[in-house]
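Here is how names work: the chains are called A, B, and so on, in the same order as the sequence lines, proteins then strands, and each is numbered from 1.
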Amino acid sequence: MKLIFLLLLGQITPIVVKAVDTPYDAGGSITVTWELDSTWLGKIGRIEIYRYSSAGVSDSLVETLYKPDTIYVDNATEDNIPYFYGVVVYADGEIFGEGRTTEPAVSSQQWFNRKRLSVLIILLVYTIFLMYFIMRARFDKNLFIRKIAGLEAIDEAVGRSTEMGRPILYVMGLGYISDIPTVASLAILKRVAFKAAEYNAQVIVPCFDPIVMVAAQETVREGFIEAGRPDLYNESDIYYLTSDQFGYAAGVDGIMVRQKPGAVFLQGYFFAEALILAETGHSIGAIQISGTTAVTQLPFFIASTDYTLIGEEMYAASAYLSRDPLSLGTIKGEDYIKMILAIIILLGALMETFSIGNHILRDFFSIF
Amino acid sequence: MTSIIWTWIAAFFTLAILSFLYKDNPLYKFAEHVYVGSSAAFTILYVWVFDAYPKLVMGFREKVGMQKYLLIIPLILSLFIILRFIKPLSWLSRWSIAFTVGMAAGLGITGLTQGFLVPQVQASFLPLFVQGPTTGQTILLTFNNIIIVFGTIFTILYFYFSREHKGLLGVSSKIGVTILMITFGASFGYTIMARISLLIQRVYFLLHNWLGLV
Amino acid sequence: MKKEIPLAITFISGVLLVLALFIPHKPFGNLEEIFNDWYIIVSGFTFLLGIDSLLGYNFGKLKRKEKDAPYALVLILSFFITLTWGIVEIVRTPEHNPFGPTSTFSLYFYNSIFIPLQATMFAILSFFIASAAYRAFRAKEINSALLLVSAVLVMLGRIPLGQSAAPYVITVIFLIFAVYFFAESAGVTEPKIKIAYILVALIFVALIYPLGFVYFRQHIPEFADWIMNVPQMAGKRGIMIGIALGGIAMSIRIILGIERTYMK
Amino acid sequence: MIELLKKLAGIDRRFIYAAVFLATAIPILTKATMKVEPLPEVRKAYEYIESLPESSVVMVSIDYDAASMPELQPMLEAFLHHSFSKNLRVIMLGHWPLGLPLGQQALEKVAGQYNKEYGVDYVFLGYRPGVAAVIINLGKDFRTVFSSDYAYTPIDSLPLMREVSNYKNVKLLLGLEAGAVGDAWVQYGYARYNLPIILGSTAVSTPDYYPYMQANQVISVIGGLRGAADYETLLGITGEASIGMLPQSVIHLVIIAFIIIGNIGFLVLRRAKK
């Protein structure tokens with residue numbers, strides 16, 4: 001009401017204000033925009049935004065901005081109620097300009113986020129590729145997978161450790177079960193447990209997270225059962241240490257120097273403790289096979305351990321080790337996508353170079 | 001006086017951990033077991049104060065309607081986990097694990113596509129010729145973009161699994177390995193400084209706060 | 001049934017979260033947040049399993065009177081002392097927070113026991129980073145030589161003394177390479193290869209002055225930045241794209257029930 | 001001679017550890033500092049604080065914990081020295097609950113050195129959950145977030161706080177950042193309320209914050225141990241960061257020396273094997 005009164009006095013510059021439902025959201029939000037003359041920019045002290053739900057209801061101040069912005073997102077609206085907005089610009093403590101919406105804005109929820117269309121397309125294409133190769137794998141059982149040095153070395157490491165009469169230490173890192181590398185690590189653990197059972201060797205798994213511990217117990221037991229030696233399985237070899245990063249590192253270091261494992265596996269997600277574990281493992285003369293998707297820790301594993309599964313190699317490991325045709329099929333699908341992406345990158349670079357297509361590829365891959 | 005005692009305690013634990021560098025010894029063993037035991041308790045306190053209490057207890061108190069009753073689901077899942085203590089029912093804990101793994105897979109797909117795949121591919125669409133202000137600049141900028149675009153492509157091809165690395169794939173994956181090595185060397189060298197800061201701080205603590213030499 | 005239901009739970013929770021990315025409408029829009037809260041609650045309870053395991057393991061050592069039994073006792077005692085201390089402070093402090101500023105737990109335990117242990121364990125990394133660099137950075141072939149050289153150049157570029165030290169470091173490294181190639185050439189009989197070796201050695205010697213004393217003396221920080229921003233970035237990007245592709249494929253395998261090591 | 005050179009390939013790791021330790025301890029003991037020209041962005045931050053009139057209110061946010069203490073604690077101490085020596089008044093709060101005790105320690109230590117009085121010259125508010133909400137609501141009214149300080153003293157009984165109602169009464173925020181809270185300070189504190197911000201960050205997160213400086217959204221960014229050392233240099237004090245600069249250089253060179261020595265040994269050994 002105050003606004004209308006002031007406008008009637010005719011001393012203030014009118015401002016064009018627009019309000020629309022914020023697109024692609026879960027409702028409860030209206031975006032208000034207005035125009036400011038560029039000559040005002042230095043003078044503006046504050047901008048007040050008012051909201052009134054319908055005629056007759058008094059307006060309420062929803063936000064004060066202290067910068068010459070021209071957009072405000074009101075995240076406190078109720079859906080399906082028409083709102084009007086008013087914007088008042090102050091300069092030197094005086095009202096300088098004022099405006100209000102002429103059309104009501106109604107916020108609502110949307111069923112599809114169009115901004116993520118390209119993500120959806122990419123995901124669909126990828127999934128279709130994977131599905132196709134999973135289907136094909138049912139018939140084509142002899143898929144070739146190149147040698148992955150770190151995985152080839154698993155059997156040898158377990159064997160040599162057993163010959164020396166030493167246990168095997170398997171470290172799953174700091175990942176939770178909700179991290180994909182941890183699930184990948186379990187697949188490798190199963191192979192290690194299987195081999196260890198064959199050789200009658202002890203597998204020690206100190207854990208950082210209790211659920212990972214449970215999953216590791218199940219996995220090792222399964223490995224021992226598959227090797228036909230369930231009698232050798234000892235659940236107390238797979239135990240929880242602590243969920244403190246360096247407390248865990250201190251504890252695992254202690255296990256290394258006292259139990260002197262012949263083979264150390266560092267597989268999973270790691271942070272700065274990676275090098276502490278790898279160097280201690282080296283100092284006791286164990287064969288070490290590491291693997292992680294933590295890009296920042298890869299250099300240290302490369303430097304300090306005998307074999308390293310680099311990033312994606314870890315994910316390929318489960319398929320590689322299980323030799324399950326369906327899993328191998330997904331690897332094939334992954335490779336095709338890789339080739340296609342390489343071509344797309346080259347194509348995108350060439351289109352940028354020669355200014356062809358008006359950045360169509362680049363825009364397709366922008367998510368914001 | 002108390003502060004002096006606590007400084008000595010802090011210095012003792014600092015030296016006990018450092019002694020591990022020489023070899024395993026009773027001092028380190030003591031510090032290690034104190035650390036593992038107390039940090040396990042520490043995480044429990046932390047999880048209670050900052051996670052479980054606000055999410056569960058405060059959730060039940062403050063949330064209304066559907067939101068409140070939905071909290072029964074995680075309670076049931078938690079109960080299933082604890083059922084591992086009762087052997088005949090321990091299989092129920094798999095339901096809870098199945099939920100967390102499903103969550104991991106779902107978030108893995110969306111997070112990796114949105115956070116890694118799409119932006120990284122997009123960032124590689126660089127022009128292979130850049131006009132700089134000087135000829136030298138032009139050559140340098142062009143050269144940089146060529147290295148980034150082809151370096152990325154060759155590294156991706158190194159991870160090609162389902163074909164022998166021979167012929168064209170062999171050459172490109174060999175270049176990929178070379179780029180990987182430079183990458184690893186550089187980020188190794190880059191990290192050293194941050195690590196040394198930690199050591200300096202510990203040594204400064206010993207020499208300054210404890211011994212008062214500096 | 002014991003297997004089908006968990007697989008169904010995995011499938012449903014996974015697919016729902018993927019859908020939630022594209023559907024802002026309720027109830028999908030805030031599903032990720034809700035699931036996260038659930039996960040936090042569930043993982044809070046799992047600590048009971050953790051404690052059971054840790055204490056059981058160490059009580060076992062104590063009972064069997066193993067060699068390490070006294071240390072197992074230390075671990076058990078520190079666990080209970082810390083826990084009790086924290087709980088007392090939860091009850092006592094006005095904000096019911098043992099980590100708060102008025103708590104003796106944060107003042108004494110956190111500051112004088114926990115931080116020194118944690119920070120020293122972290123600091124040990126600087127020793128290990130040195131021993132790992134010494135042992136692993138050997139010029140066995142061209143790739144490992146590149147690894148070594150890029151590490152050394154980035155190190156020099158990062159430190160304040162780098163510019164003044166760079167010429168001498170370069171001199172030493174290049175002289176070593178030159179001497180090595182000279183020594184190699186002595187053992188070769190084939191004249192062409194012999195000349196090639198000697199040429200390589202001479203190139204290294206010739207590069208010392210322009211590269212070390214002119215270019216790097218001035219531009220080593222920029223050069224280090226260049227390595228980080230250009231080749232390092234390309235390699236990292238390649239690895240990350242690979243990880244994304246592999247991780248998505250792995251996730252799809254999990255959702256479809258192909259990959260299920262975690263619950264057999 | 002050859003035998004000696006061969007030995008260079010297999011130096012005992014303990015010898016390397018000892019060298020690293022000495023390379024850290026000796027420069028610290030000698031308290032030698034390096035003359036390094038302060039980075040322009042640090043100088044800009046310093047000059048902004050210099051320009052503040054006496055008894056202005058400045059705010060510092062502890063958004064880190066023990067792991068980033070080596071880099072950010074010296075920055076905090078330097079800032080407190082600077083503020084108290086210029087008779088600025090300091091409000092401390094934080095978004096990382098485990099870091100707050102570290103902030104409090106430094107605050108009390110430095111305030112003690114300048115005989116400053118709690119409640120009059122400085123206030124420690126503590127932690128409240130909800131990063132963005134806290135920053136936004138402080139801009140409206142401090143009392144909606146902190147009705148009392150860390151010790152449950154009502155803030156209106158503290159003389160300093162009676163003069164502060166919202167960001168308008170605050171001349172500067174120093175955000176000490178080990179993670180992403182700095183983004184929130186810029187997005188809400190600066191963007192909505194024009195709060196003048198200087199960010200102090202760990203070396204790892206500094207590149208993420210530089211764009212804010214280029215866009216003039218923050219006054220300046222002080223990065224890593226080097227930034228802290230530059231700040232100390234400008235203040236004319238020899239703190240932990242300045243003392244740390246020489247060992248940094250020395251250890252890097254020691255590691256490079258070991259790499260070179262190792263390779264001499266390795267190459268000699270390889271020739272001998274042929």
Side-chain angles (χ1 to χ4, degrees), chain B residues 6 9-10 13-14 17 21 29 33-35 37-38 40-41 44-45 47 49 51-52 55-56 74 77-78 81 91 94-95 98-99 101-103 105-106 108-110 112 116-117 120 144 147-148 151-152 155-156 159 178-183 185-186 188-190 192-193 195-196 198-199 202, chain C residues 2 6 9-10 13-14 17-18 21 35 37-38 40-42 44-47 54 71 74-75 78-79 82-83 86 97-98 112 116-117 120-123 125-127 129 143 146-147 150-151 154-155 158 227-228 230-232 234-238 240-242 244 247-248 251 254-255 262-263:
Chain B
W6 284 105
I9 290 175
F13 281 119
T14 305
I17 295 283
L21 289 169
K29 264 171 121 171
H33 285 84
V34 169
Y35 192 7
S38 65
I44 290 164
L45 290 166
V47 165
V49 174
D51 291 339
K55 298 271 184 227
L56 189 66
L77 291 175
S78 305
I81 284 273
W91 54 273
R94 282 185 203 149
W95 291 24
F99 166 71
V101 173
M103 210 182 121
I109 291 175
T110 58
L112 289 170
F116 271 42
L117 186 64
Q120 293 294 338
N144 286 354
I147 290 190
I148 292 180
T152 306
T155 318
I156 294 174
F159 293 105
T178 303
I179 290 172
L180 280 178
M181 287 303 143
I182 296 175
T183 302
F188 191 111
Y190 191 82
I192 297 178
M193 191 164 233
R195 303 297 182 244
I196 291 172
L198 303 160
L199 178 63
R202 272 347 273 164
Chain C
K2 281 189 182 177
I9 294 177
T10 305
S13 52
L17 278 174
V18 176
L21 181 69
F35 274 23
D37 282 1
W38 290 4
I40 288 169
I41 292 170
V42 175
F45 277 90
T46 59
F47 275 103
L54 178 71
Y71 294 104
V74 168
L75 190 150
S78 17
F79 177 84
T82 311
L83 196 65
N97 176 358
S112 299
L117 284 168
T120 314
M121 211 51 218
F122 203 171
L125 265 179
S126 12
F127 298 100
I129 220 167
N143 278 338
L146 281 172
L147 177 88
S150 67
V154 170
M155 283 165 74
R158 297 266 290 155
I227 296 182
M228 290 302 290
V230 180
Q232 200 261 159
K236 214 162 132 182
R237 192 169 278 165
M240 296 220 294
I241 290 175
I248 295 167
S251 302
I254 292 172
I255 288 181
Y262 61 93
M263 51 176 240

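Remark: B:Lys55 NZ is loosely packed, at most 12 non-hydrogen atoms of other residues, nucleotides or ligands lying under 6.0 Å away.
If you measure heavy-atom distances from C:Met121 to chain B, the contacts under 4.5 Å come from both the backbone and the side chain. At a 4.5 Å heavy-atom cutoff, the contact between C:Ile129 and chain B is made by backbone and side-chain atoms alike. In this structure, chain C has heavy atoms under 4.5 Å from both the backbone and the side chain of B:Trp6. Of the two parts of B:Phe159, only the side chain, counted from C-beta on, holds a non-hydrogen atom closer than 4.5 Å to a non-hydrogen atom of chain C. In this structure, the portions of C:Tyr71 lying under 4.5 Å from any heavy atom of chain B include both its backbone and its side chain. With a 4.5 Å cut-off on non-hydrogen atoms, C:Leu54 touches chain B through its side chain but not through its backbone.
B:Val49 places a side-chain heavy atom less than 4.5 Å from the side chain of C:Pro98. In this structure, the side chains of B:Phe188 and C:Leu147 stay at 4.5 Å or more apart for every pair of heavy atoms. Looking at C:Leu17 and B:Thr110, their side chains never come closer than 4.5 Å, going by heavy atoms from C-beta outward.
To the nearest 0.5 angstrom, C:Arg158 atom CZ is 4.5 Å from B:Tyr190 atom OH. How far CG of B:Leu198 is from OG1 of C:Thr120: 10.0 Å, rounded to the nearest 0.5 Å. Atom CG of C:Asn143 sits about 4.0 Å away from atom OG1 of B:Thr178, to the nearest 0.5 Å. Within the model, atoms OG1 of B:Thr152 and NZ of C:Lys236 stand 12.5 Å from one another, a figure rounded to the nearest 0.5 Å. Atoms OG1 and CH2, on C:Thr10 and B:Trp95 in that order, are 12.0 Å from each other to the nearest 0.5 Å. The line from OG1 of B:Thr183 to CD of C:Gln232 is 5.5 Å long, rounded to the nearest 0.5 Å.
Contact record, C:Ser251 with B:Ala105: CB-O, 3.4 Å, taken as the closest heavy-atom pair. Smallest separation of non-hydrogen atoms from C:Val42 and B:Pro74: CG2-O, 3.7 Å. A pairwise comparison of heavy atoms in B:Leu56 and C:Phe45 identifies CD2-CE1, 4.0 Å as the closest pair. For the pair C:Ser13 and B:Ala98, the tightest heavy-atom approach, listed with the atom from each and the gap, is OG-O, 4.3 Å. Of all non-hydrogen atoms in C:Ser78 and B:Val34, the two that sit nearest each other are OG-CA, 3.4 Å.
Counting heavy-atom pairs closer than 4.5 Å to chain C, the top-ranked of the candidates B:Gly108, B:Ala52, B:Gly151, B:Ala41 is B:Ala41. When the candidates C:Leu75, C:Val154, C:Thr46, C:Ile227 are compared by the number of heavy-atom contacts under 4.5 Å with chain B, C:Leu75 comes out ahead. Between chain B and the residues C:Leu146, C:Leu117, C:Ile248, C:Ile255, the largest count of heavy-atom pairs under 4.5 Å involves C:Leu117. Per-residue counts of heavy-atom pairs under 4.5 Å with chain C were compared for B:Ile9, B:Asp51, B:Ile147, B:Leu45; the largest is that of B:Leu45. In terms of heavy-atom pairs under 4.5 Å with chain C, the best-connected choice from B:Leu180, B:Leu77, B:Ile44, B:Ile179 is B:Ile44.
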Exercise. Check step by step if side-chain contact (heavy atoms from CB on, under 4.5 Å) holds for C:Ile241 and B:Phe116.
Key: CA-CA 7 Å; C:Ile241 290 175; B:Phe116 271 42; over 6 Å; no
Quiz item: Is there a side-chain contact (heavy atoms from CB on, under 4.5 Å) between B:Ile148 and C:Arg237 once you walk through the steps?
Solution: CA-CA 9 Å; B:Ile148 292 180; C:Arg237 192 169 278 165; 3.4 Å; yes
Self-check item: CA sep, side-chain torsions, deciding dist, call: C:Phe127, B:Leu199, side-chain contact (heavy atoms from CB on, under 4.5 Å)
Solution: CA-CA 9 Å; C:Phe127 298 100; B:Leu199 178 63; 3.6 Å; yes
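C:Phe35 pairs by the ring pair (Phe, Tyr, Trp, His ring centres under 6.0 Å) definition with B:Phe99, C:Trp38, not counting sequence neighbours.
A donor-acceptor pair under 3.5 Å is formed between the side chain of C:Ser150 and the backbone N or O of B:Ile182.
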